[in-house]
Amino acid sequence: MSYSSDEDDKPLVFRRNLKPDKTKCSSQPSKPSLKPSNGSDSEDDKPLSTKFSTVSKGNTNHAKNGSHTSVFKAPKPQVKDEDSDEEKPLSSKFISKPNVGSSSKVHQNGSASRDNQSKNIGMNKRPLNDERSSGPSSVKKPKLSDSSTPVNRKPVNMKAETKSDSDDDDEDDDDSDDDLPISQRRKNQASSSSKPSSSKQKVIKKNSSSLNQTNKKSKKVVKNSKYSKPSKVPPGSGEGQKWSSLVHNGVIFPPAYKPHGVKMLYKGKPVDLTPEQEEVATMFAVMLDTDYMTKPKFKENFWGDWRQILGKNHLIQNLDDCDFKPIYEWHQSEKEKKKQMTTEEKKALKEEKMKLEEKYMWAVVDGVKEKVGNFRVEPPGLFRGRGEHPKMGKLKKRIHPSDITINIGKDAPIPECPISGESWKEIRHDNTVTWLAYWNDPINIKEFKYVFLAASSSLKGQSDKEKYEKARMLKGYIQGIRNAYTKDFGHKDETKRQVAVATYLIDKLALRAGNEKDDDEADTVGCCTLKVENVEPSPPNILKFDFLGKDSIRYQNEVEVELPVFKAIQQFRTGKKGSDDLFDKLDTSKLNAHLKELMPGLTAKVFRTYNASITLDDMLSRETKGGDVAQNVVVYQHANKEVAIICNHQRSVSKSHSAQMTRLNEKIDELKDVIKELEADLARAKKGKPPLKNSDGKPKRNLNPEALEKKIAQTKVKIEKMERDKETKEDLKTVALGTSKINYLDPRITVAWCKRHEVPIEKIFNKSLLAKFAWSMDVDPSFRF
DNA sequence: GCTCACACTTAGGACTTATGTA
DNA sequence: TACATAAGTCCTAAGTGTGAGC
């Protein structure tokens with residue numbers, strides 16, 4: 001990624017300004033366990049995007065090509081059949097056109113969705129629940145949302161309780177229709193009585209538009225669903241219990257190494273290598289065209305590990321005299337061969353792989369078939385640490401069954417070890433955790449690599465929902481929290497001052513907490529680990545941030561802050577070196593302990609979720625003007641982009657970016673020439689003259705003036721579209737939109753907005769996201785974050 | 001109050017597949 | 001049909017946060 005000093009090249013986030021928030025000075029005293037506010041519409045409640053004076057270059061202006069309104073059908077569990085509403089295809093629960101193709105092969109529990117969140121009284125009024133009133137939590141893991149009401153969970157032996165569990169899908173059920181547009185209200189009324197009470201609706205074909213389906217969706221409206229909500233706790237409940245029964249087939253290993261026999265050169269001469277030596281040499285060779293080759297640390301680490309495999313007395317004595325090109329070229333030709341395979345060959349290969357992997361792809365959790373996420377053991381390779389990682393290039397050794405601990409239900413059969421003659425390291429039956437297997441990370445032996453269920457699983461969905469509920473809870477507390485930290489900017493105790501300023505930065509700039517890091521990790525920072533050199537005060541009240549954050553992504557931002565913050569930062573810097581900690585009295589534990597005094601379960605990362613989601617909600621609400629689907633999609637993308645900028649979600653500029661821009665410019669120029677020509681022809685046609693010959697000297701068709709005018713207009717539209725595409729492409733070249741959508745934006749905001757504005761959800765969520773967010777699909781259209 | 005093991009979420013880039021366009 | 005590009009998926013690194021043990 002390049003970081004040009006040219007202002008125009010910077011992602012927008014780097015040109016963002018923070019307005020001082022003057023409303024904060026009339027703060028109330030800071031107290032532990034602040035009570036949630038009633039969510040007034042004060043400036044304080046507004047998302048970052050509305051508070052910052054963002055210098056924005058227009059918006060994303062192209063709708064996705066949505067010609068394929070594919071319909072996601074929430075696949076039904078295959079283990080046991082269920083007759084419940086729960087297994088209705090998503091399309092029937094949400095919207096959209098039938099699409100047979102996408103439904104058949106998936107069988108995981110992606111089924112829609114019981115939205116079991118606890119009832120609150122409307123979005124602005126959050127009753128204090130027990131947790132809130134319980135004060136600082138010294139207790140174990142306070143669960144913020146109703147953990148007794150798992151998302152999606154539909155064990156087959158619980159049919160009887162199907163009733164109404166979608167009724168309590170959100171607090172907005174309590175809301176009257178008053179907040180809805182009239183058209184919406186009518187639709188809801190029409191639908192409220194239409195749902196059959198029993199739910200044998202496995203396949204409901206919908207031919208009408210998404211919105212119609214959405215609104216006609218026969219949602220049971222049970223106002224007192226609070227009481228009818230299933231009282232189940234996570235199966236086999238109990239402190240920390242995640243499942244009662246767990247069955248799976250373990251993990252699959254990468255194939256054993258097949259030597260290729262291509263000889264690398266040492267001092268210009270071919271060298272014989274053992275298969276093990278050749279394997280590691282090949283790992284290096286295939287990376288010859290990557291940036292890692294420019295990093296001495298990478299080469300040094302590789303050499304250190306390879307040398308051990310070569311042995312002290314090997315012919316090869318230094319890396320500089322090695323020529324890996326023959327292996328690199330062999331690898332390239334293998335890649336090319338693969339590319340040249342016919343579609344049928346590729347398909348056959350894929351099917352073969354599927355057949356081999358099928359059994360590892362699924363687990364059965366409490367009787368429900370769920371997809372496993374990463375069931376493939378990581379193959380050996382060279383460690384590709386990001387940024388200036390001190391361990392880059394080290395050999396990541398092959399993982400064997402004897403490295404792997406399996407976690408499985410007591411009554412489940414122990415997975416057969418797929419490599420004959422070997423056996424698992426250990427078998428556990430720990431139902432307080434969600435992992436299915438783990439092994440020690442060969443690069444950092446103290447750490448682990450886990451095998452978890454896929455994002456579409458109930459367990460993940462449940463925890464996702466809890467995350468968003470916690471962030472929503474913050475909405476009710478945020479005013480008090482901001483008042484509290486504002487008051488503490490000038491606290492006489494420096495620790496408190498640092499806590500206040502750090503919280504301010506986490507809240508306003510969506511910084512990460514910043515845990516301490518070891519010396520054998522890349523040198524990156526978060527809020528608590530900011531160094532003096534990372535924050536430069538520029539009077540009267542500007543702070544210039546410049547540091548490497550997670551994944552060594554650079555955070556560069558100049559913000560105007562409140563004067564007390566500015567002064568506090570100046571004071572924290574006093575007498576320190578550039579490499580010293582800015583917040584020397586603070587770490588994430590202390591910070592989070594403090595945050596928990598303000599709201600149960602509050603930690604630094606909740607602010608990111610909160611600010612991202614509230615920004616989306618706010619921007620969608622402000623910017624949706626009742627346009628068509630394409631225009632609404634643009635509004636969504638624009639909001640999504642703002643969130644990505646706030647969270648500093650960047651991507652590197654693609655290698656082909658400048659070529660693409662050049663090509664677009666050329667095309668635009670060509671079209672402009674076409675217009676000039678057409679205009680000349682038009683002038684002649686108006687005088688009754690034939691058009692001039694084209695550039696090849698050939699005669700052109702003689703068109704009448706009307707036809708020429710139409711052609712000119714069409715070409716102009718084409719140019720405009722290309723200009724917009726160009727702008728969007730440039731605008732988003734360093735912004736990654738996906739990360740926030742996957743991790744920070746409460747899907748219920750999106751689903752409800754889609755329902756309100758007749759946008760098919762498939763325009764916003766792809767198949768994976770639909771599966772991941774199945775739990776949110778039943779949300780009431782009036783839902784607001 | 002601190003460290004560390006552990007469990008989990010968040011993240012960008014590589015790779016693959018789908019789609020659009022000439 | 002071939003190629004370019006966009007979209008989707010996979011991979012695994014790199015974070016956050018909890019709680020036990022000292």
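Model, not experiment: these values are computed from the prediction. All values below were derived from every heavy atom in this structure, side-chain atoms included, with hydrogens, water molecules and symmetry-related copies excluded. Residue numbers begin at 1 in each chain, while the letters A, B, ... track the order of the sequences.
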Heavy atoms under 4.0 Å, any strand shown: does Glu447(A) hit a base, just sugar-phosphate, or nothing? nothing
Dump the intermediate steps for ring pair (Phe, Tyr, Trp, His ring centres under 6.0 Å) on Phe253(A) and His400(A), then the final yes or no. CA-CA 8 Å; Phe253(A) 291 85; His400(A) 298 275; 7.8 Å; no
Touch check for Lys396(A), heavy atoms < 4.0 angstrom, all strands: base, sugar-phosphate only, or nothing? sugar-phosphate
Of the options dA6(C), dA14(C), dC8(B), whose atoms approach the side-chain atoms of Lys729(A) most closely? dA6(C)
Under 4.0 Å, heavy atoms only, any strand: does Ala604(A) hit a base, just the sugar-phosphate, or nothing? sugar-phosphate
When the distance from CD of Gln462(A) to P of dA7(B) is rounded to whole Å, what number comes out? 19 Å
Quickly work out the Arg663(A) CZ to dA22(B) P distance and round it to whole Å. 12 Å
Can you tell me if Arg384(A) touches the phosphate of dA14(C), counting only side-chain N or O atoms and a distance under 4.0 Å to OP1 or OP2? no
Side chain to side chain donor-acceptor pair (under 3.5 Å) involving Asp581(A) - partner list, sequence neighbours excluded: Lys531(A)
Using a cut-off of less than 4.0 Å, is there contact between a side-chain N or O of Lys338(A) and OP1 or OP2 of dT16(B)? yes
May I ask you to evaluate whether Lys339(A) reaches the phosphate of dT16(B), defined as a side-chain N or O under 4.0 Å from OP1 or OP2? no
Just checking Thr434(A): base, sugar-phosphate only, or nothing, at a heavy-atom cut-off of under 4.0 Å? sugar-phosphate
Of the candidates dT16(C), dA11(B), dC8(B), the side chain of Val433(A) sits closest to dC8(B)
Could you check which of dA13(C), dG12(B), dG17(C) has an atom nearest any side-chain atom of Ala736(A)? dG12(B)
Nearest-nucleotide comparison on DNA chain C, the residue closer to the 5′ end among Asp441(A) and Ala659(A): Ala659(A)
In this structure, how many angstroms lie between the C1' atom of dA14(B) and the CZ atom of Arg376(A), rounded? 14 Å
For dT10(B), does the base pair up with any side-chain atom of Lys550(A) as donor and acceptor (N or O, under 3.5 Å, distance only)? yes
Do the side-chain N or O atoms of Ser768(A) get closer than 4.0 angstrom to the phosphate oxygens (OP1, OP2) of dT9(C)? yes
Can a side chain N or O of Lys590(A) be found less than 4.0 Å away from OP1 or OP2 on dG1(B)? no
To the side chain of Trp435(A), which of dC8(B), dA6(C), dT9(B) is closest? dC8(B)
For the residue pair Asn515(A) and Thr588(A), confirm or rule out a side-chain donor-acceptor distance under 3.5 Å. yes
Evaluate the ring pair (Phe, Tyr, Trp, His ring centres under 6.0 Å) criterion for residues Phe383(A) and His389(A): first the C-alpha distance (whole Å), next the side-chain angles of each, then the deciding distance (0.1 Å), finally the verdict. CA-CA 10 Å; Phe383(A) 177 64; His389(A) 199 294; 4.9 Å; yes
In whole angstroms, the gap separating C1' of dG12(B) from CG of Leu737(A) amounts to 13 Å
Just call it for Tyr438(A): base, sugar-phosphate, or nothing, with non-hydrogen atoms closer than 4.0 Å on any strand. nothing
Arg386(A) vs dG15(C): side-chain N/O to OP1/OP2 distance below 4.0 Å: no
Just by distance, with hydrogens left out, do Thr750(A) and Tyr636(A) show a side-chain donor and acceptor under 3.5 Å apart? yes
Side-chain N or O of Lys605(A) versus OP1/OP2 of dT10(B): is the shortest distance under 4.0 Å? yes
Rounded to whole angstrom units, what separation is found between the CH2 atom of Trp439(A) and the P atom of dT12(C)? 8 Å
Picking from dA13(C), dT9(B), dT18(C), the nucleotide nearest the side-chain atoms of Phe383(A) would be dA13(C)
Check whether any side-chain nitrogen or oxygen of Thr524(A) sits under 4.0 Å from OP1 or OP2 of dG15(C), and answer yes or no. yes
Can you see if the side chain of Tyr744(A) gets near the phosphate of dA11(B) - specifically, an N or O under 4.0 Å from OP1 or OP2? yes
Reading DNA chain B from 5' onward, which residue's closest nucleotide shows up sooner: Asp464(A) or Lys655(A)? Asp464(A)
Does the side chain of Gln332(A) pick up a donor-acceptor pair with the side chain of Glu336(A) at under 3.5 Å? no
Closest of dT16(C), dC8(B), dG12(B) to the Tyr450(A) side chain is dC8(B)
With a 4.0 Å cut-off on heavy atoms, is Gly738(A) in touch with a base, just the backbone sugar-phosphate, or nothing at all? nothing
Just list the side-chain donor-acceptor pairs under 3.5 Å for residues 372-380 of chain A, sequence neighbours left out, or say none.
residue: Asn374(A); atom: OD1; partner: Phe452(A); partner atom: N; Å: 3.1
residue: Asn374(A); atom: ND2; partner: Tyr450(A); partner atom: O; Å: 2.7
residue: Arg376(A); atom: NE; partner: Glu357(A); partner atom: OE1; Å: 3.3
residue: Arg376(A); atom: NE; partner: Glu357(A); partner atom: OE2; Å: 2.8
residue: Arg376(A); atom: NH2; partner: Glu357(A); partner atom: OE1; Å: 2.8
residue: Glu378(A); atom: OE1; partner: Lys396(A); partner atom: NZ; Å: 2.9

Is it the case that the side chain of Ser552(A) and the backbone of Leu548(A) share a donor-acceptor pair, with hydrogens and angles ignored and the cut-off at 3.5 Å? no
Closest to the side chain of Lys517(A), out of dT12(C), dA14(C), dT9(C), is dA14(C)
Does the pair Thr529(A) and Glu516(A) meet the rule for a side chain to side chain donor-acceptor pair (under 3.5 Å), with working shown? CA-CA 7 Å; Thr529(A) 42; Glu516(A) 296 293 335; over 6 Å; no
Return the OH to CG distance between Tyr610(A) and Leu474(A), rounded to the nearest 0.5 Å. 6.0 Å
Mind calculating the distance between CE (Met392(A)) and P (dG13(B)) to the nearest angstrom? 14 Å
When you measure from the side-chain N and O atoms of Gln650(A) to the phosphate of dG13(B), is any distance below 4.0 Å, counting only OP1 and OP2? no
The side chain of Thr739(A) lies closest to which of these nucleotides: dG8(C), dT9(B), dG12(B)? dG12(B)
Length of the line joining Met599(A):CE and dG17(C):P, which is rounded to integer Å: 12 Å
Any side-chain N or O of His649(A) less than 4.0 Å from the OP1 or OP2 oxygen of dA11(B)? yes
dT16(C) OP1/OP2 closer than 4.0 Å to side-chain N/O of Asn515(A): yes
Rounded to whole Å, please give me the gap between CD in Gln660(A) and P in dT5(C). 5 Å
Taking 4.0 Å as the cut-off, does a side-chain nitrogen or oxygen of Thr588(A) come that near to OP1 or OP2 on dG17(C)? no
Kindly say whether Ala659(A) contributes a backbone atom to a donor-acceptor pair with the side chain of Ser656(A) at under 3.5 angstrom? no
Looking only at dT9(C), dT12(C), dT10(B), the nucleotide nearest the Asn374(A) side chain is dT12(C)
Report yes if at least one side-chain N or O of Asn743(A) is closer than 4.0 Å to OP1 or OP2 of dT9(B); otherwise report no. no
Quick one: label Gly549(A) by what it contacts on the DNA or RNA (base, sugar-phosphate, nothing), any heavy atom closer than 4.0 Å. sugar-phosphate
Nearest to the side chain of Asp430(A), which nucleotide is it out of dA7(B), dA14(C), dG8(C)? dA7(B)
Write out a two-atom table: protein N or O, nucleotide N or O from nucleotides 3-5 of chain B, distance below 3.5 Å.
none

